[in-house]
Amino acid sequence: MMIKPRYLAVAIGLILSNAAVGAESSTSAIEARLNAMEKRLQLAENRAAKAEARASEAEKQVKQLETRTANNEVQTREVAKTAEKTQQQTARVAQRTETLANNEKSTTHGDDGFTFSGYARSGIIMNDSGSSTESGPYVTPAGQTGGAVGRLGNENNTYVEVNLEHRQTMASGATSRYKVMLADGQRSYNDWTGATSELNVRQAFVELGSLPTFTGAFKDTTLWAGKRFDRDNFDIHWLDSDIIFLSGTGGGIYDVKWGDNLKSNFSLYGRNFDDLKDDNNNDTRIENYIVTANNFAGPIQWMISGLRGKNNQQRENDGIQGSSNAAETGFHTLLAYHGDSFYGLREGTSKTALLYGHGLGAEVKALGSDGRLTADANTLRLATYGITPLSKDWSIAPAILAQQSKDRYISGDDYKWVTINARLIQKITDNFELAYEGSYQYMNLDPRGYNSYNKVSGGFYKLTFAPTFKVGDISDMLSRPEIRFFASYMDWSKELDNYSSSDSFGTDGFTAGGQWNFGIQMETWF
């Protein structure tokens with residue numbers, strides 16, 4: 001048997017040790033002990049090798065875990081960046097939507113001095129024959145009662161708003177704000193349109209805010225008087241349709257706070273209807289007054305209004321079913337939800353409103369603007385829209401408007417319509433996007449001969465493709481300015497051409513069967 005050197009050394013030591021106490025052990029006993037020791041050493045080596053292998057495997061797993069952790073951290077940072085970007089986009093969309101919806105909202109704090117802001121749109125439109133064509137968000141018969149069908153690739157006018165403001169903060173902390181708005185609208189393409197100008201002072205009012213002597217519920221309220229758009233109007237911009245539009249001349253108070261999350265606005269507006277002739281052929285001036293309480297509880301808005309136009313009941317509306325007298329009074333209410341997400345489903349913004357009006361309040365959108373509504377008129381309207389990013393390069397904005405108005409101008413008349421619309425935006429570069437818009441509107445109109453209108457029913461649709469250039473945030477659907485090239489195709493039921501001899505449908509060159517429109521348009525606000 002071959003004895004390893006280290007074992008030989010051990011054996012010699014044992015022999016010498018045993019020799020000191022007596023040499024009674026035999027060579028076989030020594031060899032047995034050496035074999036036992038060798039086995040124990042071999043087992044120890046095996047255990048050490050296994051321990052080393054387990055340590056190596058553990059180290060490998062630690063490295064893999066560290067790698068996965070590092071990758072997860074990178075992915076987490078990327079997700080966080082994406083989420084932050086989406087939140088920023090959503091915030092910008094919400095902020096722009098709120099700015100458009102509440103562009104008259106006052107502030108009690110801000111830079112003193114003069115400010116200038118404005119809005120404008122202008123463009124040219126033609127049909128596929130290179131000649132003039134009919135267009136407009138309210139081009140259908142239902143448009144006469146507020147049935148918008150979408151504005152993209154469907155406008156031919158120049159409209160301009162110019163706003164001048166002056167703000168001042170007093171030593172006491174009280175603030176003042178003066179605003180005047182000039183506006184003009186044109187359908188002429190000429191450079192000089194003074195003869196047909198509609199230049200108008202649409203707003204001129206003063207606000208007083210943060211009055212130090214106001215306490216309790218009236219602390220930090222804002223008083224106003226003059227001619228203005230109400231601060232809390234809001235709309236569906238890409239339809240060019242207000243959800244509620246209250247305006248006129250009057251006064252009121254904003255932000256009366258009843259609690260941390262509950263506030264009210266109160267106002268009195270005056271408007272004028274067309275003058276009436278009395279028995280002596282003299283004009284009788286008809287003034288309509290609107291008293292409104294607008295209440296907010298978090299995202300919930302409840303608005304209620306009463307209207308009165310003294311002597312307006314003398315007005316008569318004629319139709320084939322006889323005549324009906326206009327209303328002298330009326331009321332109106334709105335219940336709305338202002339969401340900070342896309343219907344609670346994803347990032348974005350959304351608004352939904354249900355409106356009802358009776359008598360003079362039956363013009364539920366442009367409140368108090370129609371003096372021919374009958375005392376029995378009833379109108380119910382639903383409006384909802386939302387904006388949401390689908391990805392970093394796509395966003396969508398759907399909208400629905402639906403309305404039924406009965407006994408509106410003639411006893412027994414009935415105007416029903418619904419519009420479904422969606423605008424889709426695709427980012428191509430930081431300065432170029434593709435816009436797509438589709439609209440469908442169904443209408444069933446029975447005017448009972450009012451204004452010689454005929455009973456009709458049918459559908460209308462419009463499809464628009466608009467390559468668009470922008471310099472602002474391309475991911476924000478409502479950022480401006482932008483320049484659009486567009487192509488629109490529209491068609492409708494042939495029956496709708498018979499509604500009226502004075503509306504757009506059925507006119508020469510604009511009949512059912514399909515229409516192409518092409519053009520270019522700019523739009524800006526700041």
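Model, not experiment: these values are computed from the prediction.
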[X] side, atom [atom1]; [Y] side, atom [atom2] - distance, nearest 0.5 Å:
| X | Y | atom1 | atom2 | result |
| --- | --- | --- | --- | --- |
| Arg480 | Met522 | CZ | CE | 11.5 Å |
| Met181 | Asn200 | CE | CG | 10.0 Å |
| Ser493 | Tyr461 | OG | OH | 10.0 Å |
| Ser457 | Asp446 | OG | CG | 10.0 Å |
| Ile290 | Ser267 | CD1 | OG | 8.5 Å |
| Asn163 | Leu182 | CG | CG | 8.5 Å |

Heavy atoms of other groups near [X] [atom1], more than 12 under 6.0 Å:
| X | atom1 | value |
| --- | --- | --- |
| Lys257 | NZ | yes |
| Asp283 | CG | yes |
| Phe266 | CZ | yes |
| Lys227 | NZ | yes |

Query raised in the report: What about the rings of Tyr499 and Tyr453, do their centers lie closer together than 6.0 Å?
Result: yes
Query raised in the report: Quick check, are the ring centers of Tyr289 and Tyr269 under 6.0 angstrom apart?
Result: no
Going by heavy atoms in the side chains, are [X] and [Y] under 4.5 Å from each other?
| X | Y | value |
| --- | --- | --- |
| Arg177 | Glu165 | yes |
| Asp414 | Gln404 | yes |
| Thr140 | Trp417 | no |
| Leu211 | Leu223 | yes |
| Arg121 | Asn157 | yes |
| Ile243 | Ile236 | yes |
| Glu316 | Ser324 | no |
| Ile244 | Lys365 | no |

Please say whether the positively charged group of [X], taken as NZ for Lys or CZ for Arg, lies over the ring of [Y], i.e. under 6.0 angstrom from the six-membered ring centre and within 45 degrees of the axis.
| X | Y | result |
| --- | --- | --- |
| Lys219 | Phe214 | no |
| Arg372 | Tyr409 | no |
| Lys351 | Phe234 | yes |
| Arg231 | Tyr254 | yes |

Determine whether the side chains of [X] and [Y] contain a donor N or O and an acceptor N or O closer than 3.5 Å.
| X | Y | result |
| --- | --- | --- |
| Ser504 | Glu134 | yes |
| Arg228 | Thr249 | no |
| Asn154 | Arg151 | no |
| Gln186 | Thr196 | yes |
| Asn127 | Thr133 | no |
| Arg187 | Asn156 | yes |
| Tyr343 | Thr388 | no |
| Gln521 | Glu155 | yes |
| Thr169 | Asp112 | yes |

Query raised in the report: Donor-acceptor pair, Asp497 side chain versus Gly506 backbone, under 3.5 Å?
Result: yes
Query raised in the report: Can a salt bridge be assigned to the pair Glu363 and Arg408 using a cut-off of 4.0 Å between side-chain N and carboxylate O?
Result: yes
Query raised in the report: Could you walk me through whether Arg484 and Glu523 pass the salt bridge (Lys or Arg N to Asp or Glu O under 4.0 Å) check?
Result: CA-CA 8 Å; Arg484 316 160 179 140; Glu523 185 178 38; 2.2 Å; yes
Closest non-hydrogen atom pair between [X] and [Y], with its separation:
| X | Y | value |
| --- | --- | --- |
| Thr333 | Met303 | OG1-O, 2.9 Å |
| Ile124 | Phe486 | O-CZ, 3.8 Å |
| Ala297 | Leu262 | CB-CD1, 4.0 Å |
| Asp318 | Ser323 | OD1-CB, 3.3 Å |
| Ala402 | Val418 | CB-CG2, 3.8 Å |
| Ile410 | Thr374 | N-CG2, 4.1 Å |

Query raised in the report: For the residue pair Tyr119 and Tyr159, does the interplanar ring angle fall in the parallel (under 30°), tilted (30 to 60°) or perpendicular (over 60°) class?
Result: tilted
Query raised in the report: What is the ring orientation for His166 with Phe114, classed by angle as parallel under 30°, tilted 30 to 60°, or perpendicular over 60°?
Result: tilted
Report task. May I have the step-by-step check of side chain to side chain contact (heavy atoms under 4.5 Å, CB included) for Asn288 and Leu307, ending in yes or no? Result -> CA-CA 7 Å; Asn288 177 32; Leu307 303 90; 3.9 Å; yes
Requested in this report: Give the C-alpha distance, both sets of side-chain angles, the deciding distance and a yes or no for side chain to side chain contact (heavy atoms under 4.5 Å, CB included) between His338 and Gln301.
Outcome: CA-CA 8 Å; His338 302 264; Gln301 176 185 0; 2.8 Å; yes
**Report entry** Step-by-step side-chain hydrogen bond (donor to acceptor under 3.5 Å, both in side chains) determination, Asn517 to Ser488
**Finding:** CA-CA 5 Å; Asn517 289 336; Ser488 292; over 6 Å; no
Report task. Apply ring-ring contact (aromatic ring centres under 6.0 Å, His included) to Trp238 and Tyr385, showing your working. Result -> CA-CA 10 Å; Trp238 56 96; Tyr385 76 88; 5.4 Å; yes
Query - Test side chain to side chain contact (heavy atoms under 4.5 Å, CB included) applied to Asn294 and Leu246, Ile304, Asn265, the passing residue - result: Asn265
Query - Evaluation steps, ring-ring contact (aromatic ring centres under 6.0 Å, His included), between Trp492 and Phe510 - result: CA-CA 11 Å; Trp492 56 90; Phe510 201 72; 4.9 Å; yes
Query raised in the report: Can you list the steps and then say if Tyr440 with Phe460 is a ring-ring contact (aromatic ring centres under 6.0 Å, His included)?
Result: CA-CA 6 Å; Tyr440 176 76; Phe460 165 93; 8.5 Å; no
Report task. Start with the C-alpha distance between Lys179 and Leu164, add both sets of side-chain angles, then the distance that settles side chain to side chain contact (heavy atoms under 4.5 Å, CB included), and finish with yes or no. Result -> CA-CA 6 Å; Lys179 177 171 181 173; Leu164 296 172; over 6 Å; no
Query - side chain to side chain contact (heavy atoms under 4.5 Å, CB included) between Thr464 and Lys462, worked out - result: CA-CA 7 Å; Thr464 299; Lys462 178 185 77 74; 2.8 Å; yes
